[in-house]
Amino acid sequence: MTTHAISAAGLGAQAPDPQMLTPELLRAWAWHKQGLDGTLQGAEAADVFTRAGWARSVGGANPYLTLFARAGTSRAQADADVLSLKIHELPTARGCTYVLGHDDFSWGLQIGRDAAVAPFRVLARMGVERGEITLLEEQILHALAEAGGPLDPKQLKDLLGDSVRNLGEEGKKKGAATTLPTALGLLQADGRIRRVPVNGRLDQQRYAYTLWGLPGTALDDDAARSLLLECYLGWTGGATVKQSQWFTGFTLAHTKAALATIGAVQVPTPNGEVLWMMPDDVGRLASFEAPAEEQIQLLAGTDSLVLLRRNSGDLFADQDKGKKVLGTALALQADLPDHPIFDRGRIIGLWQFDPGKARIAHWIFDRATPPVSRRIAEVEAWIRDELGDFRSFSLDSPASRQDRIDALDSAG
């Protein structure tokens with residue numbers, strides 16, 4: 001396998017002039033690649049996740065807003081797609097849960113397999129043998145088959161009795177109170193069971209488990225890693241090695257091998273960073289022009305535009321990087337403290353939903369143009385009518401975000 005780096009200069013006339021790759025253009029390019037410019041309007045949910053990237057799910061509403069912002073998808077349609085297995089929440093890259101389209105289920109699980117095995121290593125240090133977990137897995141499958149429907153962890157624990165070992169205080173300290181979660185995680189990683197939301201919604205973390213039997217892939221692990229990196233570079237429009245490693249969790253050696261396999265090329269930028277891109281995107285970027293008119297979107301702080309590269313500092317205009325909320329400069333934080341308001345890839349403000357008043361609290365850094373005000377009203381009505389609240393993660397509550405709501409009101 002070839003492992004040497006390829007530069008965009010080798011593509012001749014297709015290569016963009018590095019000096020044209022301004023922060024403004026690169027922000028708009030990422031915006032376009034994410035389908036936030038209207039190019040995914042009306043698309044099926046599975047197609048959105050395939051083309052723009054998997055949606056991070058931590059019991060929050062990000063998957064719903066990901067679809068609404070790009071395709072105009074209603075919550076009811078998204079829930080129906082979950083029910084019919086067109087999309088599903090699965091543990092994949094770095095063992096984190098994302099909502100994926102159906103074409104990615106098998107190899108997405110394969111990517112997350114090592115993370116599912118890791119908890120067993122903790123159990124092994126406490127004297128749990130692999131055979132005990134294997135037996136527990138078989139008993140879980142039997143219990144689910146007998147039940148004929150989903151069972152939540154408590155129901156499973158009650159049915160399995162002493163087969164689920166309590167690991168005492170030592171286990172609690174190490175995040176493994178019993179052997180049940182490890183067995184469930186291994187079964188899910190193998191596609192033999194799947195986790196389903198008890199009320200059919202993605203913005204909560206109460207789950208039950210049901211039998212699945214998902215076929216595996218014909219890919220070896222090297223091929224699966226290459227496929228993920230090819231998708232990732234397509235979703236982002238280009239990323240540094242460090243950014244790709246953050247998302248994938250791959251070692252540097254695995255990353256370099258995958259980049260070579262997929263034929264990625266290096267594109268230098270004026271600030272000295274080197275972006276790795278797919279060859280077709282290099283040519284598209286060379287002729288790309290940022291939209292002239294405003295394109296406003298309210299997104300979650302965990303939206304793919306922000307999270308895939310974890311580079312929110314690059315998405316602020318220079319004059320906004322020093323702005324502070326609750327005493328901390330926005331551009332110096334690894335993750336955004338509030339949800340972002342965007343215009344063509346640039347963060348122009350922040351927002352939180354205030355369920356007590358059924359409104360969006362927001363701070364626009366400059367001024368709220370008519371398109372900005374209109375989009376805020378549209379998203380506010382959508383949250384109020386379809387979601388009821390907008391939680392960032394499972395433990396997010398109106399009380400826990402009140403300080404941030406007050407701070408945005410004050411800044412605004």
Side-chain angles (χ1 to χ4, degrees), residues 45-47 49-50 53-59 63 78-121 123 130-153 155-156 159-160 164 179-198 200 202 205-232 248-250:
D47 291 337
F49 296 138
T50 296
W54 303 334
R56 186 74 170 97
S57 55
V58 284
D79 289 345
D81 287 348
V82 171
L83 185 63
S84 61
L85 279 175
K86 293 179 179 178
I87 61 175
H88 201 47
E89 180 189 56
L90 295 171
T92 179
R94 304 188 322 282
C96 296
T97 54
Y98 291 83
V99 180
L100 288 62
H102 54 84
D103 289 344
D104 298 340
F105 289 171
S106 294
W107 71 268
L109 279 178
Q110 182 176 346
I111 288 291
R113 172 68 186 177
D114 285 349
V117 173
F120 174 71
R121 301 188 184 106
L123 269 60
R130 186 66 180 88
E132 179 180 344
I133 298 300
T134 300
L135 178 59
L136 180 56
E137 290 177 45
E138 295 304 318
Q139 291 172 319
I140 290 169
L141 294 174
H142 179 74
L144 292 175
E146 287 289 307
L151 296 173
D152 66 31
Q155 291 171 318
L156 280 168
L159 284 171
L160 297 169
V164 177
T179 53
L180 182 60
T182 298
L184 290 171
L186 290 168
L187 286 170
Q188 187 176 208
D190 285 342
R192 289 188 285 173
I193 66 173
R194 60 188 177 91
R195 197 174 70 173
V196 295
V198 295
L202 293 166
Q205 280 193 314
R206 292 182 58 239
Y207 300 102
Y209 293 85
T210 191
L211 294 176
W212 198 2
L214 179 71
T217 74
L219 303 175
D220 62 23
D221 288 345
D222 286 340
R225 283 190 288 266
S226 296
L227 179 54
L228 179 60
L229 201 52
E230 182 176 0
C231 289
Y232 172 78
T248 62
F250 296 166

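The shown structure was predicted, so the numbers you read here are calculated from the model rather than taken from an experiment.
Taking all atoms of both residues into account, the shortest heavy-atom contact from D79 to L202 is OD1-N, 4.4 Å. Nearest approach of D81 to A45, heavy atoms of both residues: OD2-CB, 3.4 Å. Heavy-atom minimum distance, L228 versus A93: CD2-CB, 4.3 Å. Between E138 and R192, the shortest heavy-atom distance links the atoms OE2-NH1, 3.6 Å. Minimum heavy-atom separation, G95 to A115: CA-CB, 3.4 Å. Between A55 and P63, the shortest heavy-atom contact is CB-CA, 3.9 Å.
Aromatic ring pairs are classed by plane angle as parallel below 30°, tilted from 30° to 60° and perpendicular above 60°; the pair W107 and W54 is tilted.
Distance check, rounded to the nearest 0.5 Å: OG1 of T134 to CG of L186 gives 8.5 Å. Taken to the nearest 0.5 Å, the CG atom of L136 stands 7.5 Å off from the CG atom of L184. A distance of 8.0 Å separates CD1 of I87 from CZ of F105, quoted to the nearest 0.5 Å. Distance check, rounded to the nearest 0.5 Å: CD of Q110 to OG1 of T92 gives 10.0 Å. The distance from atom CD of Q205 to atom OG of S57, rounded to the nearest 0.5 Å, is 8.0 Å. For the atom pair CG of L229 and CD1 of I111, the computed distance is 9.5 Å after rounding to the nearest 0.5 Å.
Contact of the W212 side chain with the L85 side chain is registered, since non-hydrogen atoms from C-beta on lie closer than 4.5 Å. The closest side-chain heavy-atom distance from R121 to V117 is below 4.5 Å. With a 4.5 Å cut-off on side-chain heavy atoms, L180 and I140 count as touching. Contact annotation: the side chain of L156 approaches that of L144 to within less than 4.5 Å [non-hydrogen atoms, C-beta and beyond].
Within the 3.5 Å criterion, the main-chain N or O of F120 finds no donor-acceptor partner in the side chain of T182. Looking only at distances, no side-chain donor or acceptor of R194 sits under 3.5 Å from a matching main-chain atom of Q188.
Of the candidates V196, L187, I193, I193 is the only one forming a side chain to side chain contact (heavy atoms under 4.5 Å, CB included) with Y209.
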- prompt: Does the side chain to side chain contact (heavy atoms under 4.5 Å, CB included) test come out yes or no for R56 and T97, once each step is laid out?
  reply: CA-CA 6 Å; R56 186 74 170 97; T97 54; 3.4 Å; yes
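Remark: Q155 engages no residue in a side-chain hydrogen bond (donor to acceptor under 3.5 Å, both in side chains) (not counting sequence neighbours). Residues passing the ring pair (Phe, Tyr, Trp, His ring centres under 6.0 Å) test with F250: none are found, sequence neighbours excluded.
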